[in-house]
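One-based numbering along the sequence shown.
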Amino acid sequence: VCSSDLSTTPYIKKIKNVDHPDSFKWTCGFDTRAAYQFQKYWEKWYKNENGKLKKVFPPDFTTLSPDILLHWYTGDGSYSGGSIHLYTFGFSYNEQLKLQQMLSDIGVNSNIKDVIDENGVKSHFIYVSSAKSNRKIFFDYLSAAKLYSKAEETFPHKFAKEVEYTNTF
């Protein structure tokens with residue numbers, strides 16, 4: 001239950017898989033736009049274009065630190081069956097290419113995958129290669145984040161138990 005000063009708008013979406021048109025998944029979330037505590041972040045990450053909010057990279061976002069990647073992954077990522085997905089639906093394709101390059105800079109192989117929502121709108125997300133060695137690099141990098149232990153404790157389903165982490169970053 002949210003207090004009135006932290007009001008949010010929950011949503012549920014049905015998303016089709018472009019590679020497998022007969023399959024889909026449900027996703028849910030909430031909108032923090034109404035919470036004044038997040039205002040400075042909204043101003044940094046969203047721009048008004050023709051009356052619509054558009055997610056954009058702030059000019060000072062140039063590096064994907066372990067803390068940033070951990071926050072992104074626990075908030076907008078998933079781990080299932082050895083596959084890691086980083087949801088980037090609000091970003092332009094070019095911004096997703098930049099994110100993919102940032103992952104490559106830390107040694108993580110990834111691809112940009114297409115999905116189509118229930119209205120037929122195509123968007124993209126980042127798929128981290130499911131090779132065990134690549135997952136190890138990804139989780140090793142995450143393990144260097146300040147709140148890694150807390151995140152692993154809070155979201156155990158997002159952390160691969162079959163991969164040993166060495167925290168070499």
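Put simply, CD1 on Ile126 and CD1 on Ile112 are 5.5 Å apart, with the number rounded to the nearest 0.5 Å. Here Phe138 contributes atom CZ and Ile84 contributes atom CD1; the two are 4.5 Å apart, rounded to the nearest 0.5 Å. How far CD of Glu152 is from OG of Ser143: 9.0 Å, rounded to the nearest 0.5 Å. Here the CD1 atom belonging to Ile137 is positioned 12.5 Å from the CG atom belonging to Leu142, to the nearest 0.5 angstrom.
Checked against side-chain contact (heavy atoms from CB on, under 4.5 Å), Asn119 has the following partners two or more places apart in sequence or in another chain: Asp117, Val121. The salt bridge (Lys or Arg N to Asp or Glu O under 4.0 Å) check on Glu153 picks up Lys150, with sequence neighbours excluded.
Closest heavy-atom contact between Phe159 and Leu70: CZ-CD1, 4.1 Å. Minimum heavy-atom separation, Ser130 to Gly82: CB-O, 3.2 Å.
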Practice prompt. Assess whether side-chain contact (heavy atoms from CB on, under 4.5 Å) is satisfied between Phe125 and Asp76, documenting all intermediate values.
Written response: CA-CA 10 Å; Phe125 69 93; Asp76 271 336; over 6 Å; no
Discussion item. Go through it in stages, so that I can follow the logic: the residues are Phe61 and Val56, the test is side-chain contact (heavy atoms from CB on, under 4.5 Å), and I'd like the CA-CA distance, side-chain angles, deciding distance and then a yes or no.
Written reply: CA-CA 10 Å; Phe61 182 55; Val56 296; over 6 Å; no
Practice prompt. Could you give me the CA-CA distance, side-chain angles and deciding distance for Phe139 and Tyr79, then say whether side-chain contact (heavy atoms from CB on, under 4.5 Å) is met?
Written response: CA-CA 11 Å; Phe139 286 113; Tyr79 181 79; 3.9 Å; yes
Practice prompt. Could you go through the side-chain contact (heavy atoms from CB on, under 4.5 Å) check for Phe89 and Val115 one step at a time?
Written response: CA-CA 9 Å; Phe89 300 122; Val115 292; 3.4 Å; yes
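Every pair tested for side-chain hydrogen bond (donor to acceptor under 3.5 Å, both in side chains) that includes a residue from residues 46-57 fails, sequence neighbours excluded, so the list is empty. Pairs engaging residues 56-68 under the side-chain hydrogen bond (donor to acceptor under 3.5 Å, both in side chains) rule: Lys44-Asp60, Asp67-Lys146 [sequence neighbours left out]. Legend: ring pair (Phe, Tyr, Trp, His ring centres under 6.0 Å) pairs involving residues 92-124, not counting sequence neighbours, sorted by first then second residue: Tyr93-His124.
Under a 3.5 Å cut-off, the side chain of Asn134 and the backbone N or O of Ser129 do form a donor-acceptor pair. Between the side chain of Lys158 and the backbone N or O of Tyr73 there is at least one donor-acceptor pair closer than 3.5 Å.
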Expected list for residues 94-107: side-chain donor-acceptor pairs under 3.5 angstrom, two or more places apart:
unit_1, atom_1, unit_2, atom_2, d
Glu95, OE1, Ser92, N, 3.1
Glu95, OE1, Ser92, OG, 3.3
Glu95, OE2, Phe57, N, 2.9
Gln96, OE1, Thr88, OG1, 2.9
Gln96, NE2, Thr88, O, 3.0
Gln96, NE2, Phe91, O, 3.1
Gln100, NE2, Ser110, O, 2.6
Gln101, NE2, Asp105, OD1, 2.7

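Ring pair Phe155/His157 is perpendicular by interplanar angle, where above 60° counts as perpendicular and below 30° as parallel.
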